Every structure is written in C-alpha cells, then in structure tokens.
There are 2 protein chains.
Amino acid sequence: MSLEGNTGDERPRGRRADARRNQQTVLAAAAEVFVTHGVDAPIRRIAARAGVGMATIYRHYPTRADLVTAVYHHQIEACAEAGPDLLASSGSPFEALRGWVDLFVDFLVTKHGLADALQSDSDRFAALHTHFLDRLMPVCARLLDAAVDAGEIRPGVQPYELMRGIGNLCIGRDGDSRYDPRRLVELLLQGLRRPQAPAAECR
Amino acid sequence: MSLEGNTGDERPRGRRADARRNQQTVLAAAAEVFVTHGVDAPIRRIAARAGVGMATIYRHYPTRADLVTAVYHHQIEACAEAGPDLLASSGSPFEALRGWVDLFVDFLVTKHGLADALQSDSDRFAALHTHFLDRLMPVCARLLDAAVDAGEIRPGVQPYELMRGIGNLCIGRDGDSRYDPRRLVELLLQGLRRPQAPAAECR
DNA sequence: GACTAAACGGAGCAGCGCTCCATATGGTTA
DNA sequence: TAACCATATGGAGCGCTGCTCCGTTTAGTC
C-alpha cells in the first residue's frame with residue numbers, strides 16, 4: 001500500500017533531481033485538474049497537463065488513492081501557508097479571508113473526492129480528516145480574528161463553524177449547472193460583514 | 001429522463017411480445033449480476049447473461065440509473081411477494097424469516113448501489129427509499145409476528161429495527177474478503193431466537 | 001403467405017487504466 | 001572533462017469499458 005504517503009518533498013538524497021521536480025509538477029497539475037474535472041479525471045489528462053508521461057505518474061503514485069491523498073496533503077499545506085501570506089499582502093484582513101476561502105473551496109473538491117477514492121479505508125480517511133482540522137482551523141482562526149480586530153466582520157463566528165459551513169455548501173454534486181457553491185460561499189462571507197455603521201452606500 | 005420508471009410490466013398493448021419478454025429477462029439478469037458483481041458491472045456482462053444484445057438493454061433502459069432503478073423496484077416487489085409465499089411453504093416461520101432475509105440481503109446490494117447510480121438526484125432517491133419502507137416493513141412485520149407467535153424468536157423486535165440493522169451490516173464495502181455481511185446477518189438472526197427452554201443441545 | 005413496423009444483435013468507435021521497454025539523463029567516478 | 005550506468009522517462013500498446021449505428025430478423029396483421 002505504498003508507504004510514501006508524505007507531502008512529496010522527503011528523501012533529500014538518493015532520488016534524482018528530475019524525479020523530485022517531476023513529482024512536484026505532477027502534484028500541482030493533479031490539483032488543478034481535480035478542481036476543474038473532479039477526482040475521477042483521466043490520468044492521461046493529468047499527465048498532459050504536467051507535461052510528463054503517464055508512467056511517471058504511476059511510478060510516483062501507484063494508485064489513484066495515493067495521488068489524491070498526496071494532493072490532499074499538498075493542498076492542506078498550501079492553504080495553511082497561504083493564510084499568513086495573504087494577511088500580509090492583502091489590502092485588508094477581509095480581503096485576505098476571501099482569498100483564503102477561495103483556496104479552501106478549491107481544496108474541498110479534493111477532500112470530498114477523497115472519500116470515494118479511498119473507498120472503504122475509513123481509518124485512513126479519519127486520520128486525514130483530523131490532520132485537516134488540526135492544520136487549518138488555527139489558520140482560519142487567525143484570519144477571522146484579524147478581520148474582527150479590523151472591525152470588518154462581526155465577532156463570535158467560530159472557525160470550525162465557518163469551515164464546516166463552507167464545506168457543506170460545496171457538497172452539492174458537480175455537474176449540476178443550477179448550483180454554484182462559490183456563489184453561495186460568497187454570500188456567506190458577505191453575511192459575516194459587520195452591519196455597516198453609516199448608511200451611505202447601504203441603499 | 002425516460003419516464004418508464006415502472007416495474008416493467010405495463011403497456012399491455014402496442015408493444016411486441018418479445019420486447020416485453022426481453023425486458024423481464026434483462027431485469028432478472030441484471031438483478032443477478034448486480035448481486036454477484038456490483039451495480040457497476042459492465043452492460044456487456046448483463047447482456048451476455050440475459051442472452052440479448054447490448055442495444056436491447058440500452059433501448060429499454062437508456063441510462064444505468066434507469067436500469068438500477070428498475071431492478072430496485074423489481075426486487076422490492078419480489079421481496080414483498082416472497083414474504084407470504086415463504087410463510088406458506090417453509091417448515092416454520094423462522095425458516096421463512098431466514099429465507100426472506102436472504103433475499104433481502106441480495107436486494108441491499110442494489111439499494112446501496114442506487115445512491116451512487118443516481119448521483120445527485122437526491123429527491124428521486126428519497127422517493128425510492130420511502131417506497132422501500134412502505135412496501136417491505138409490513139412484510140417483515142408479518143414474518144416477525146408469525147415467528148413470535150410460534151415461540152421461535154423473542155418478542156419485541158421491531159421490523160424497522162431489524163431491516164435497518166441488516167442494512168447497516170451490509171454496508172461494509174464489497175471486495176473486502178475479511179468481511180462477510182451474510183455471516184453477521186446469520187448471527188443476528190440466531191440472536192433473535194428465543195432462549196432455548198431446556199438445555200440439551202445448548203452445550 | 002406476404003407485408004411492414006418493431007425489435008434485435010453485434011461490429012465498431014472512442015475513451016479509459018495500466019504496463020512494458022527502448023531511450024534519455026543525472027550523478028558519480030576516474 | 002569524459003565515460004559510465006542506475007535511475008527516470010515517455011508513449012505505444014493491450015485489454016476493457018460505454019454507447020451507437022445499421023443490416024437483419026421477427027411478431028403481428030391483412
């Protein structure tokens with residue numbers, strides 16, 4: 001069952017540089033393709049996107065579950081690191097929060113697909129889920145706190161609450177053009193905003 | 001979306017006899033193949049089993065969801081009708097109950113597969129589920145009552161309780177050779193038995 | 001028996017997962 | 001620097017799938 005369930009940047013010695021590089025490329029390509037075409041997307045397509053052969057993908061990730069898991073870890077990490085970065089670079093904490101939520105929504109496609117990809121392996125899935133909460137809840141909390149401190153959103157919203165809410169909004173199965181999770185998430189975010197003090201642009 | 005979501009025996013006039021006959025044959029073959037190979041079994045295989053061409057299946061059931069739904073209805077009906085029959089023909093009510101549960105377990109494969117086959121159409125699924133309960137709970141209740149009246153099993157077990165218990169036992173994903181739902185269901189049934197009065201064969 | 005609309009079967013096409021092996025390349029050693 | 005080879009690569013190829021098209025067969029009717 002391929003023990004290399006790591007983030008993809010281990011084994012600093014012994015592996016050739018191109019191998020390591022390709023592994024990262026594949027990871028990034030898979031992440032993109034999963035978002036746009038779901039976790040059932042053909043391996044061929046991911047290979048094409050990454051500009052590598054299919055065998056390369058199969059070598060690094062023998063099963064689809066391995067690939068999905070790797071992308072999952074990769075995206076959790078990216079999401080976690082993006083939090084502070086966005087806070088530093090964005091115009092306001094709320095902007096940062098919105099940017100972060102955008103990444104988070106992308107990530108959820110993978111997370112929801114994970115359950116299917118892992119089929120019955122519910123122990124493994126549970127472990128991945130707790131890792132998810134441990135890593136991302138603090139990041140979300142910091143973003144919320146910052147926005148609250150800046151007076152942009154109402155206080156009292158819990159990170160778990162928000163993350164779970166967004167997660168549930170994104171469950172509405174793909175392919176249904178009548179349902180756009182992103183739009184609803186944006187509404188949710190607007191709902192967080194502090195009731196505008198004056199009433200110039202409120203009308 | 002193919003409105004022919006019926007059991008397959010409607011339209012007594014206007015359709016040719018062979019068409020009707022084939023539809024039934026396909027239904028039976030699909031039911032068997034679903035049990036042995038899951039609801040994702042290749043259409044080819046079902047066609048071979050039924051002794052018809054693939055086009056015949058696609059003509060009667062344009063999508064896989066249509067086929068699964070039809071089998072689902074068909075099996076509910078078979079299960080429902082089998083209840084009284086078994087009660088009349090078996091040596092004892094408990095024997096009848098066991099025979100019925102056996103059919104029921106077969107049926108559950110289809111039911112669980114239905115959720116996947118229907119993908120997002122949760123309204124349709126909910127409707128099918130209530131039909132399932134409405135039709136089968138009374139049958140199960142009669143079998144339980146009869147076995148209780150005959151003093152074979154302990155009283156007080158509710159039909160919903162039993163059906164749901166069996167249903168849950170059968171969730172453990174297929175392909176895992178370590179888990180045999182049928183064995184556990186048999187254990188459950190044995191657990192229903194009234195504590196033997198004397199103690200000759202109890203030890 | 002003849003006629004025709006309905007029904008049929010399966011070859012054929014496109015797309016998929018996965019593997020095999022001839023080729024290319026990075027790291028290492030002389 | 002050059003030569004060497006274990007490591008890594010790419011994509012043709014195989015077997016399987018879903019689904020369709022169309023020449024053939026057949027049930028029902030006159």
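Each chain gets a letter, A, B and so on, in the order its sequence line appears, and its residues count up from 1. Predicted model only: the values in this text are computed from it and were never measured.
Residues B/R98 and B/Q190 are in side-chain contact: their nearest non-hydrogen atoms beyond the backbone lie under 4.5 Å apart. Residues B/V105 and B/P181 form no side-chain contact, since every pair of their non-hydrogen atoms from C-beta on lies 4.5 Å or further apart.
Taking 3.5 Å as the limit, the base of C/dA7 and the side chain of B/R16 contain no donor-acceptor pair of atoms between them.
Contact annotation: B/R44 side-chain N/O to D/dG18 OP1/OP2 distance is not under 4.0 Å. Contact between the side-chain N/O atoms of A/H60 and the OP1/OP2 oxygens of D/dT9 is found at a separation under 4.0 Å. Considering only side-chain N and O atoms, B/R15 lies nowhere under 4.0 angstrom from the phosphate OP1 or OP2 of C/dA6. Using a 4.0 Å cut-off, no side-chain N or O of A/T56 falls inside it from OP1 or OP2 of D/dA8. Regarding contacts with the backbone of D/dA8, every side-chain N or O of A/N22 stays at 4.0 angstrom or more from both OP1 and OP2.
Distance A/R45 CZ to C/dG17 P: 11 Å, rounded to the nearest Å. B/R59 places its CZ atom 9 Å from the C1' atom of C/dA6, with the value rounded to the nearest Å. The CD1 atom of B/I57 sits 14 Å away from the C1' atom of C/dA7 (whole-angstrom rounding). Across the protein-nucleic acid pair, B/Y61 atom OH and C/dA7 atom P stand 14 Å apart, rounded to whole Å. C/dA6 atom P lies 17 Å from atom CD of B/Q23, rounded to whole Å. The CZ atom of B/R20 sits 12 Å away from the C1' atom of D/dG28 (whole-angstrom rounding). At whole-Å resolution of the value, CD1 in A/I43 and C1' in D/dG10 are 15 Å apart.
Using bins of under 30°, 30° to 60° and over 60° for the plane-to-plane angle, the ring pair B/F104/B/F107 lands in the tilted bin.
With hydrogens and angles left out, the side-chain atoms of B/T63 and B/D66 include a donor and acceptor closer than 3.5 Å.
Positionally, the nearest nucleotide of DNA chain D for A/A55 lies more toward the 5' end than for the other of B/D18 and A/A55. Of the residues near DNA chain D, B/P42 and B/R21, the one whose nearest nucleotide (by heavy atom distance) lies more toward the 5' end is B/P42.
Partner B/L144 forms a side chain to side chain contact (heavy atoms under 4.5 Å, CB included) with one of B/P93, B/P159, B/P155 and no other, that one being B/P159.
Among the heavy atoms of the strands lying under 4.0 Å from A/A19 are primed sugar atoms or P, OP1, OP2 only; no base atom is included. Within the 4.0 angstrom heavy-atom criterion, only backbone atoms of the sugar-phosphate kind lie near B/A17; the bases stay farther away. Looking at heavy-atom distances under 4.0 Å, A/R64 makes contact with sugar-phosphate atoms alone, never a base.
Side chain of B/M54, nearest nucleotide from C/dC16, D/dG10, D/dC19: D/dC19.
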